[in-house]
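Below is one structure, written out as structure tokens; the observations come after it.
Within every chain, numbering begins at 1; the chains are lettered A, B, ... in the order of the sequence lines, protein sequences first and strands thereafter. All values derive from a computational prediction rather than experimental measurement.
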Protein chains: 2
Amino acid sequence: MAHASSDQTPATWRHSAEVALRAAGLRCTFPRRAILDWIAAATGPFTAEQLVAALEAQHGSSSRATIYRLLDWLQSAGWLTRIYSDGTQHAYARFWPGHHHTAVCVRCGSAAVISECHVEESIRPALAALDFEIHGHVLELYGVCTNCRTRAD
Amino acid sequence: MAHASSDQTPATWRHSAEVALRAAGLRCTFPRRAILDWIAAATGPFTAEQLVAALEAQHGSSSRATIYRLLDWLQSAGWLTRIYSDGTQHAYARFWPGHHHTAVCVRCGSAAVISECHVEESIRPALAALDFEIHGHVLELYGVCTNCRTRAD
DNA sequence: CGAGTTATTGATACACTGTCGCAAGTTTAT
DNA sequence: ATAAACTTGCGACAGTGTATCAATAACTCG
Ligand SMILES: [Zn+2]
Ligand SMILES: [Zn+2]
Ligand SMILES: [Zn+2]
Ligand SMILES: [Zn+2]
């Protein structure tokens, strides 16, 4: 599934995810649209429960089951990336399919995406010594973003 | 089994962790010894619940609360490394304090430790573009270990 | 458009993980 | 031995995620 779109704005993400949903034979229902809208408007990583709470406050909210079901699909299709290290909750960030990493700010929680990746080539010697056949990896970076740093100074 | 130095055996880990426990002013009680024994005997990553279940089957088992309390301490002191990507459960692998990464076999679950790390230097250009001040990172590798691969062939 | 087909929803009940507070029990120091 | 301090385990609890299934909504096609 190649995504030819060049601008990766929230609105484009929103539209492309819906297109992909339909292409997968899934229906674009009202509850699903509400979920996609909320995710598109999110400015950083979020947990499933944050989404549940936010939609609960809305008129015509989606149920917890529906939310979790769509989150699962969006992640498996690559439209969300799972943030593993954020506690034991299911946490995600909006994403474009493809290999990438996230740089998470420990102060404000914003996540930047880094698509460049040389991890496997740099780790290859160590893996060769182990005779380990690599299939993939997860990398998350922690630090302070430029906004938070200038504010603190 | 290409682990670095020969003194990082399970038995040495077991002993050193107990020494560290005492040095921290904590008491080395019977339940805690049972937990350390089980972890020392583990051959790969494990979840908190696996440990709970294993000790429940033993005579004079430790309670869930005691187990979780010690796991927390062991992780914060660096004697266990947390495996974030293994579902939503608290999963750990035995570890020696220091920066490292794990290569987890997706077939047998064994985890090898890789102490060599060039992640931050290889990612530095991308972070510089973001003006992101890095404090740390988590990297987990997935693949198939040499044992599982030769067995399949 | 309307009927038929199929996917989807949401309510509820449930299982599982992990946490908390506290009285009773251990360990250690004197 | 006694006292002080730490630790345990129970049990109750909260949070997170899953399973079920009848009712409903979305899509398809004529
Ligand atoms: Zn920030
Ligand atoms: Zn990568
Ligand atoms: Zn293996
Ligand atoms: Zn590293």
Side-chain angles (χ1 to χ4, degrees), chain A residues 17-39 45-77 79-80 82-93, chain B residues 17-39 45-77 79-80 82-93:
Chain A
E18 182 168 333
V19 169
L21 201 67
R22 302 195 116 103
L26 301 172
R27 293 173 181 173
C28 197
T29 61
F30 179 82
R32 284 179 177 165
R33 278 195 296 270
I35 295 167
L36 291 178
D37 286 343
W38 190 90
I39 295 175
F46 60 93
T47 66
E49 290 300 317
Q50 283 172 343
L51 178 47
V52 168
L55 292 191
E56 215 153 69
Q58 287 184 10
H59 173 70
S61 62
S62 322
S63 76
R64 178 186 303 277
T66 300
I67 291 170
Y68 276 94
R69 280 187 287 239
L70 186 57
L71 286 175
D72 281 352
W73 184 85
L74 287 171
Q75 194 223 327
S76 70
W79 296 96
L80 289 177
R82 178 91 187 267
I83 308 250
Y84 289 100
S85 50
D86 188 25
T88 54
Q89 287 192 330
H90 282 189
Y92 304 90
Chain B
E18 181 168 334
V19 168
L21 200 68
R22 304 195 116 104
L26 300 173
R27 292 174 180 171
C28 196
T29 62
F30 178 81
R32 285 180 178 163
R33 278 196 296 270
I35 295 167
L36 291 178
D37 286 343
W38 190 91
I39 295 175
F46 61 93
T47 66
E49 289 301 317
Q50 284 172 341
L51 178 46
V52 168
L55 292 190
E56 215 152 69
Q58 288 184 9
H59 173 69
S61 62
S62 321
S63 77
R64 178 187 302 277
T66 299
I67 291 170
Y68 276 94
R69 281 187 286 238
L70 186 57
L71 286 175
D72 280 352
W73 184 84
L74 287 170
Q75 193 223 328
S76 71
W79 296 96
L80 290 178
R82 179 91 186 267
I83 308 249
Y84 289 100
S85 50
D86 186 25
T88 55
Q89 287 192 332
H90 281 189
Y92 304 91

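- Heavy atoms only, all atoms of each residue included: A:Ile67 and A:Ser62 are closest at CD1-O, 3.8 Å.
- End-to-end axis angle of the helix from C:dC1-D:dG30 to C:dT30-D:dA1, using five pairs per end and rounding to 10°, comes to 30°.
- Contact annotation for A:Arg32: backbone-only contact, meaning every heavy-atom pair under 4.0 Å involves sugar-phosphate atoms and none involves a base.
- Contact annotation: the side chain of B:Gln58 approaches that of B:Leu55 to within less than 4.5 Å [non-hydrogen atoms, C-beta and beyond].
- Here the straight-line distance linking atom OH of B:Tyr68 with atom CG of B:Leu51 works out to 9.0 Å at 0.5 Å rounding.
- B:Ile39 places a side-chain heavy atom less than 4.5 Å from the side chain of B:Leu74.
- Nearest-nucleotide mapping onto DNA chain D: of B:Pro31 and B:Arg64, the residue sitting toward the 5' end is B:Pro31.
- For B:Ala48 and A:Leu26, each mapped to the nucleotide of DNA chain C holding its nearest heavy atom, the one lying further toward the 5' end belongs to A:Leu26.
- Here the closest non-hydrogen pair linking A:Arg33 and A:Cys28 is NH1-O, 2.8 Å.
- To the nearest angstrom, C1' of D:dA14 lies 12 Å from CD of A:Glu49.
- A:His90 has its side chain out of reach of A:Glu49: every pair of non-hydrogen atoms, C-beta onward, lies at least 4.5 Å apart.
- Formation of a donor-acceptor pair under 3.5 Å by the B:Arg32 side chain with backbone atoms of B:Arg27 is found in this model.
- For the pair A:Pro45 and A:Gln50, the tightest heavy-atom approach, listed with the atom from each and the gap, is O-OE1, 4.2 Å.
- In this pair, A:Phe46 and A:Tyr92 present their aromatic rings tilted. The plane angle is within the 30 to 60° band.
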Distances for protein N or O near nucleotides 23-30 of chain C N or O, under 3.5 Å:
unit_1	atom_1	unit_2	atom_2	d
C:dT27	O2	B:Arg27	NH1	3.2

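- In this structure, CG of B:Leu21 is placed 15 Å from C1' of D:dT8, rounded to the nearest angstrom.
- The shortest non-hydrogen separation linking B:Ala24 to B:Trp73 is CB-CZ2, 3.8 Å.
- Near DNA chain D, defined here as any heavy-atom distance below 4.0 Å, the residues from residues 65-75 of chain A are A:Tyr68, listed numerically.
- With a 4.5 Å cut-off on side-chain heavy atoms, B:Leu21 and B:Leu70 count as touching.
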